[in-house]
Amino acid sequence: MDFDLARSSATDIPPMDFKAELNEEQYEAVTAEPGPALVLAGAGSGKTRTLTYRVAYLLSKGVAPNEILLLTFTNKAAREMLHRVEELTGVPGRRFWGGTFHHVGHRILRIHGEPVGLKSGFTILDQSDAESFLGDLVKERDPTFFKEKTHPRARQLGEIFSMSRNTCHPLEESIRRFHPQHEELTGRMLPLFEAYMERKLKQQVVDYDDLLEYLLKLLREDAETARHYQERFRHLLVDEYQDTNTLQANIVDTIGVHHRIMAVGDDAQCIYSWRGANYDNIVTFPDRHPGAAVYKIETNYRSTPEILDLANRVLVNQVPASGFFKELRAFRGHRARPYMVQTMDSREQAQFLIKRIEGLTSEGYNLSDIAVLYRAHFQAMELQMELARLSIPFQITSGVRFFEQAHVRDLVAQLRFAYNPNDLTAFQRTAGLLPKVGPKTASKLHQHALEIARDRNISVVDALQSEKLVSKVPKAAADEWPSLVQSLKDVAESCRAGAPSATVQLAVAGWYEDYLRGAYSNFHARQEDLRSLVGFAGRFEDMQDMLAQLVLLNSETSDRSVDPDADALRLTTVHQAKGLEFPVVFVIGLAENLFPLRRAVEENNLEEERRLFYVSVTRAKDELYLCFPTIGRSNGPALSLKPSRFLQDLPTHLYESLRIQRERVW
DNA sequence: AGTCGAGTTCTTTTT
DNA sequence: GAACTCGACT
């Protein structure tokens with residue numbers, strides 16, 4: 001067996017009896033020979049366990065931690081995985097290169113970005129920044145584009161571009177395939193796309209897709225860098241492989257020219273095709289990596305046989321029948337069947353939930369054992385209000401996110417501009433806080449500042465202080481201008497000199513503090529948030545690292561009221577629940593048009609909705625409740641809802657219908 | 001020309 | 001709720 005023992009730097013890990021700790025199927029995969037391997041691990045079959053033991057196994061064979069690249073799909077998954085590896089082997093997670101594709105892309109581009117035009121110091125636009133960036137550009141280049149009602153808005157235009165980039169299809173082809181309704185606009189979109197790409201590079205800003213695209217470009221065009229990483233990462237592990245898109249699969253294949261790739265996934269859980277996830281990646285893996293060993297892990301340790309019967313049935317209903325798996329085998333003993341619960345409306349649904357949750361906690365379950373899953377954020381609104389009213393603690397892993405709150409974004413924008421003065425979007429957000437300064441005015445001021453800076457060979461921030469520029473600031477903003485600029489200047493200087501936490505501290509205490517006091521009534525709560533950013537910054541030595549983390553971690557939620565370890569009910573979207581398990585799961589809003597979502601059905605994505613339902617039900621260990629309201633009131637008139645087709649497709653013997661006791665509503 | 005406030009409409013999923 | 005539209009105001 002060739003695990004390159006010669007290179008071993010003897011990582012000390014405790015001795016492990018792999019055979020005793022794993023089942024037959026897992027053991028085979030964990031101890032696979034180096035070489036391409038596809039691990040098809042069904043829901044609840046110990047996928048993460050297999051992956052972490054694989055890492056431990058590699059270490060036990062003398063592979064050094066820094067020779068392993070661990071790619072995951074979400075930040076949460078990355079954290080979880082590295083944590084478990086550390087628990088198992090004692091090797092700290094930071095000694096591995098592990099994280100999302102985007103993180104790894106950023107990390108490599110920071111060091112080696114020059115050949116593809118990225119100087120160190122580039123900043124990352126998050127989704128909404130990228131949207132307004134694109135929107136402004138379109139208004140400038142093709143002023144009538146948004147006038148037409150049928151044309152895509154900035155957001156959808158961004159999605160169209162993104163789809164083309166993530167699927168590695170030229171824009172024309174991608175539009176024809178995924179957005180045929182806009183095919184006749186292709187001629188107008190092409191130059192906008194090119195301008196979008198050009199302008200980002202000019203300002204040294206990148207969007208999410210750039211982190212992947214430039215990485216691939218770099219690996220393909222810069223032989224030296226490519227060789228460096230190909231030799232360094234002797235073992236690649238890819239989690240949730242079914243959700244990779246073509247761009248990501250290409251990155252994996254390029255770094256992994258040596259074919260020592262272990263791809264782990266479950267085709268039945270592919271739920272990101274709207275982001276370009278390519279179902280075929282997993283199917284064609286053996287073709288792209290000749291000699292690939294295929295391992296199947298089908299024993300389910302998570303759920304009761306009753307829950308699995310229902311889950312398996314969901315897959316049977318797939319059209320067309322596809323994929324690798326037929327059935328999950330239950331390991332656990334029998335318990336009650338899943339419950340089907342019909343309620344009048346979402347309010348009654350909330351009341352039922354709360355009542356049942358009280359029952360469950362009196363049976364001995366902790367609140368944190370219970371999760372409520374839904375298709376879209378807004379479905380949790382009613383429940384949130386009821387829970388708050390009854391002061392039942394809950395933790396919501398979706399909804400308003402910490403880094404998306406206005407004050408956090410404001411502050412981050414200042415940091416970004418101070419760090420990269422070319423970042424117009426960041427400047428627009430900062431300057432736009434002043435009265436009578438909007439996007440247009442800010443853009444002009446920025447333009448002037450860049451020119452002055454170039455002509456006089458001074459910094460952009462200094463240029464903002466020049467008399468010539470100050471004279472162009474609108475009168476209403478003139479008062480505050482000097483203190484804003486001074487604050488930016490302090491922050492910019494600190495960026496170059498000090499630790500990130502000191503820089504953030506300066507920004508929090510600077511001009512923005514005064515602004516915040518005036519702008520918001522809950523000034524203190526918001527200031528608290530910003531102070532916690534100082535603590536966050538303390539974890540970083542490098543400003544760019546911290547800024548990137550701020551943007552890439554934007555799914556981190558605001559848990560101002562609840563600490564993560566608290567005993568609290570979990571509310572989450574199905575997407576965010578992926579990979580997690582809970583003793584008790586409630587799936588709410590299981591009505592036609594909600595789950596499956598109307599729009600998804602209209603766009604022919606029914607099968608993905610079904611997989612999403614499959615993911616939902618396979619989260620449950622002991623008890624599963626499937627809830628649907630019969631009346632929906634979105635806006636104005638109440639409309640009657642039909643139970644989800646996913647429920648109707650289930651034979652009645654697979655579940656038990658629960659009658660709810662009507663209580664007085666008021 | 002550009003900003004701002006009032007009123008209206010539609011809400012997916014994540015890096 | 002946020003994002004958009006429209007008309008008034010600077």
Side-chain angles (χ1 to χ4, degrees), chain A residues 71-78 99-106 124-132 135 139 146-147 149 153-156 158-159 162 165-166 206-213 240 243-245 247-248 270-277 373-381 384 397-401 403-406 431-445 474-477 548-557 572-578 589 593-603 605 608-609 611-613 615-616 632 634-636:
Chain A
L71 289 163
T72 61
F73 213 66
T74 62
N75 293 304
K76 202 191 275 167
T100 63
F101 282 86
H102 294 85
H103 271 116
V104 170
H106 171 253
I124 307 175
L125 301 176
D126 69 17
Q127 174 102 352
S128 65
D129 282 332
E131 252 166 51
S132 40
K139 279 175 211 145
F146 289 138
K147 294 281 189 280
K149 277 266 188 278
R153 315 263 121 227
R155 166 179 233 156
Q156 208 203 340
E159 281 167 11
S162 181
R165 305 170 69 192
N166 281 294
V206 299
D207 62 19
Y208 286 135
D209 296 336
D210 285 325
L211 291 173
L212 306 180
E213 231 176 17
E240 307 284 12
D243 281 324
T244 55
N245 56 44
L247 186 51
Q248 290 164 326
C270 174
I271 55 175
Y272 283 92
S273 62
W274 48 275
R275 226 173 81 185
L373 271 51
Y374 38 85
R375 175 65 241 264
H377 296 306
F378 71 92
Q379 292 172 356
M381 289 290 283
Q384 266 185 84
T397 55
S398 44
V400 185
R401 294 165 182 172
F403 294 119
E404 280 176 11
Q405 297 175 92
L433 298 171
L434 300 174
K436 297 292 165 198
V437 182
K440 289 281 163 57
T441 311
S443 176
K444 278 180 194 159
L445 290 171
K475 279 195 192 65
Q549 215 74 356
L550 280 176
V551 179
L552 293 176
L553 277 184
N554 80 353
S555 68
E556 216 71 4
T557 49
T572 161
T573 63
V574 182
H575 282 88
Q576 287 184 319
K578 181 152 132 180
N593 296 337
L594 292 177
F595 197 167
L597 212 58
R598 180 164 48 92
R599 203 166 128 187
V601 177
E602 282 167 3
E603 290 173 8
N605 292 328
E608 176 141 322
E609 296 288 303
R611 291 193 293 268
L612 219 34
F613 181 57
V615 170
S616 322
S634 46
N635 239 342

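Below, chains carry the letters A, B, ... as their sequence lines are ordered, and counting in each starts from 1.
Among the nucleotides C:dT5, B:dT13, B:dG2, the one closest to the side chain of A:Thr441 is B:dG2. Ranking C:dC4, B:dT11, B:dT13 by closeness to the A:Phe378 side chain, first place goes to B:dT11. Listed nucleotides B:dT14, B:dG2, B:dT12 differ in distance to A:Tyr272; the shortest reach to its side chain belongs to B:dT14. Picking from B:dT15, B:dG2, B:dT14 the nucleotide with the shortest atom distance to the side chain of A:His102 gives B:dT15.
Residues A:Thr441 and A:Lys436 have side chains not in contact (no heavy-atom distance under 4.5 Å, counting atoms from C-beta outward). The closest side-chain heavy-atom distance from A:Val574 to A:Phe613 is not below 4.5 Å. Contact check for A:Thr74 versus A:Gln576: no side-chain heavy atoms found under the 4.5 Å cut-off. A 4.5 Å side-chain heavy-atom check between A:Leu373 and A:Thr573 finds every atom pair outside the cut-off. At a threshold of 4.5 Å between non-hydrogen side-chain atoms, the residues A:Asp210 and A:Leu125 do not count as touching.
The distance between atom CD of A:Glu131 and atom P of C:dA3, rounded to the nearest whole Å, is 8 Å. Atom CD1 of A:Ile271 and atom P of B:dT12 are 17 Å apart (whole Å). As rounded to whole Å, 15 Å separates atom P of B:dT12 from atom CZ of A:Arg153. Between the CG atom of A:Leu597 and the P atom of B:dT14 there is a distance of 13 Å, rounded to whole Å. In this structure, NZ of A:Lys147 is placed 10 Å from P of C:dC6, rounded to the nearest angstrom. In this structure, the NZ atom of A:Lys139 is 11 Å from the C1' atom of C:dC4, given to the nearest Å. Rounded to whole Å, atom P of C:dA3 lies 7 Å from atom CZ of A:Arg155. Separating the CZ atom of A:Phe73 from the C1' atom of B:dT13 is a distance of 11 Å, rounded to the nearest angstrom.
Backbone-only contact: A:Pro439 has heavy atoms under 4.0 Å from sugar-phosphate atoms and none from a base. Using a 4.0 Å heavy-atom distance criterion, A:Gln248 is classed as making no nucleic acid contact. A:Lys444 comes within 4.0 angstrom of sugar-phosphate atoms only, judged by non-hydrogen atoms across all strands, and of no base.
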Using a cut-off of under 3.5 Å, enumerate the N/O to N/O pairs linking the protein to nucleotides 4-6 of chain B.
residue : atom : partner  : partner atom : Å
B:dC4   : OP1  : A:Lys436 : N            : 2.5

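Using a 4.0 Å cut-off, no side-chain N or O of A:Gln576 falls inside it from OP1 or OP2 of B:dT13. The phosphate of B:dT14 has OP1 or OP2 within less than 4.0 Å of a side-chain N or O from A:His377. For B:dT12, the OP1/OP2 oxygens have a side-chain nitrogen or oxygen of A:Arg599 closer than 4.0 Å. Neither OP1 nor OP2 of B:dT12 sits under 4.0 Å from any side-chain N or O of A:Thr573.
At least one donor-acceptor pair closer than 3.5 Å links the side chain of A:Ser132 to the backbone N or O of A:Ser128.
Taking 3.5 Å as the limit, the base of B:dT13 and the side chain of A:Arg275 contain no donor-acceptor pair of atoms between them.
Residue whose closest nucleotide on DNA chain C sits further toward the 5' end, between A:Met381 and A:Ala154: A:Met381. Each of A:Ala442 and A:Asn605 was matched to the nucleotide of DNA chain B holding its nearest heavy atom; the match closer to the 5' end belongs to A:Ala442.
Atoms OG1 and NE2, from A:Thr572 and A:His377 in turn, are 9.0 Å apart once rounded to the nearest 0.5 Å.
In this view, A:Ala477 and A:Leu434, A:Val437, A:Val473 satisfy the side-chain contact (heavy atoms from CB on, under 4.5 Å) rule, not counting sequence neighbours.
Evaluation of A:Trp274 against the base of B:dT13 yields a stacking contact (centre distance < 5.5 Å, interplanar angle < 30°).
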